[in-house]
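Accompanying notes for the structure given below.
Position 1 is the first residue of the sequence; numbering continues from there. Order of appearance sets the numbers: ligands from 1, and atoms from 1 within every ligand. Please read all numbers here as calculations on a predicted model, not as lab measurements.
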Amino acid sequence: MTRLPFPLAPDPEAEALERGRKLFAGRCEFLKGVVAMSGLPPADRVEICFAGRSNVGKSTLINALTGQKALARASNTPGRTQEINYFALGEAHYLVDLPGYGFAKAPVATVEKWQRLLKAYLSGRPTLRRAFVLIDARHGIKAVDQEILTLLDKAAVPFQAVLTKADKVKAAEREKVLDQVRARLQPHPAAFPEMIVTSSEKGDGIATLRSTIAALADV
Ligand code: GTP
Ligand code: MG
């Protein structure tokens, strides 16, 4: 197997940066919370989603990208997001905030229900252009993440690893975690070969992620 280096995404060129800025400076509104596949909105535009373990920072990242502090509900309690939340970004994009996987402070039956929905969504949404899989920069890829990455491989959904909470780790520790993530991404054919390191708190990587999303409309 060819070993991919999985470098960090380079800083975007000025034009790409501007496209990302413009896209996210536009309107972004909550559309609906979906609890069953039958409730998904029509698959009529570019859709990107944020997946990851409970509490990794999915909802907070959507707020940082859109510059709206309370657009997606974030909280310190794992299991805050329990529905598939759709946000309309401009006329041509959906941003999708997913319930987390792994440990959640919610009743087992409830968690099982949303895990089933999450998996059905990730493997059955034709307009899903890319899944951003969020990984805590302190912890790296865990077994529960591997399960989701394998599911994305099988469904042929391209995914990109995004490290979160970069402000919580020192540079040396971050490098170790990045190496672990690189190694774990290797076996996954659906992995996009660049990673993005972010901090929703400090703003690191947010402009890069905005332009990455803006560029997806062209693909
Ligand atoms: P679920 O909806 O439960 O799956 O969680 P989530 O992945 O949406 O996480 P959420 O955005 O609710 O964030 C969880 C906690 O992490 C919150 O207390 C956030 O303030 C915190 N957090 C998220 N991103 C960052 C970050 O970049 N830096 C720091 N320091 N804290 C963050
Ligand atoms: Mg959430």
Tell me whether [X] is salt-bridged to [Y], with the criterion being a basic N under 4.0 Å from an acidic carboxylate O.
{"X": "Arg53", "Y": "Asp136", "value": "no"}
{"X": "Glu173", "Y": "Lys170", "value": "no"}
{"X": "Lys176", "Y": "Asp179", "value": "no"}

Nearest neighbour in protein (non-hydrogen) for [atom]:
{"atom": "atom 3 (O) of ligand 1", "answer": "Gly79 N, 2.6 Å"}
{"atom": "atom 5 (O) of ligand 1", "answer": "Asn55 N, 3.0 Å"}
{"atom": "atom 12 (O) of ligand 1", "answer": "Ser75 N, 2.9 Å"}
{"atom": "atom 25 (C) of ligand 1", "answer": "Lys165 CG, 3.6 Å"}
{"atom": "atom 27 (O) of ligand 1", "answer": "Ser200 N, 2.8 Å"}
{"atom": "atom 13 (O) of ligand 1", "answer": "Thr60 OG1, 3.4 Å"}
{"atom": "atom 2 (O) of ligand 1", "answer": "Thr81 OG1, 2.8 Å"}

Task: Spacing of OG1 belonging to Thr198 relative to CG belonging to Asp204, to within rounding of 0.5 Å - done: 8.0 Å
TODO: Would you indicate which of Thr164, Asn85, Asp167 comes nearest to atom 26 (C) of ligand 1 when only heavy atoms are counted?
DONE: Asp167
Open item on the list: Please state which option from Arg138, Lys58, Arg53 has its nearest heavy atom closest to atom 4 (O) of ligand 1.
Closed with: Lys58
Heavy atoms only: give me the nearest [X]-[Y] pair and the separation to one decimal.
{"X": "Val56", "Y": "Lys165", "answer": "O-CE, 3.4 Å"}
{"X": "Pro42", "Y": "Tyr94", "answer": "O-CE1, 3.9 Å"}
{"X": "Lys113", "Y": "Val35", "answer": "NZ-O, 4.1 Å"}

Task: Ring-face cation of Arg182 near Phe6 (centre distance under 6.0 Å, axis angle within 45°) - done: no
Where does [X] meet ligand 1, judged by heavy-atom distances below 4.0 Å: at the side chain, the backbone, both, or neither?
{"X": "Ser59", "value": "both"}
{"X": "Ala74", "value": "both"}
{"X": "Lys202", "value": "neither"}

Open item on the list: Evaluate Lys142 against Asp145 for salt bridge (charged side-chain N to carboxylate O under 4.0 Å, His left out), listing each step before the verdict.
Closed with: CA-CA 5 Å; Lys142 304 276 187 184; Asp145 296 307; over 6 Å; no
Open item on the list: For Phe159, run the side-chain contact (heavy atoms from CB on, under 4.5 Å) check against Leu128, Ile148, Asp153 and tell me which one passes.
Closed with: Asp153
Are any of the N/O atoms in [X] less than 3.5 Å from those in ligand 1?
{"X": "Asp97", "answer": "no"}
{"X": "Gly100", "answer": "yes"}
{"X": "Gly57", "answer": "yes"}
{"X": "Leu61", "answer": "no"}

TODO: With side-chain contact (heavy atoms from CB on, under 4.5 Å) as the test, would you mind laying out the steps for Leu95 and Cys28 before giving the verdict?
DONE: CA-CA 9 Å; Leu95 301 181; Cys28 188; 4.2 Å; yes
Open item on the list: Which of the protein's N, O or S atoms come within less than 2.8 Å of the Mg ion (ligand 2), not counting waters?
Closed with: Ser59 OG, Thr81 OG1
TODO: Would you check whether Ser199 reaches within less than 4.0 Å of ligand 1, judged by its heavy atoms?
DONE: yes
TODO: Considering the heavy atoms of Pro78, write down every atom of ligand 1 situated less than 4.0 Å from one of them.
DONE: 3 (O)
Task: From CA spacing to verdict: side-chain contact (heavy atoms from CB on, under 4.5 Å), Thr212, Arg130 - done: CA-CA 10 Å; Thr212 302; Arg130 186 171 297 177; 3.6 Å; yes
Task: Polar contact flag, side-chain donor to acceptor under 3.5 angstrom, Glu47-Tyr86 - done: yes
- [ ] Start with the C-alpha distance between Glu147 and Lys119, add both sets of side-chain angles, then the distance that settles salt bridge (charged side-chain N to carboxylate O under 4.0 Å, His left out), and finish with yes or no.
- [x] CA-CA 10 Å; Glu147 196 191 322; Lys119 289 177 182 174; 2.7 Å; yes
- [ ] May I ask whether Phe24 and Ile48 are part of the same hydrophobic cluster, defined by side-chain heavy atoms of I, L, V, M, F, W, Y residues being less than 4.5 angstrom apart, directly or through others?
- [x] yes
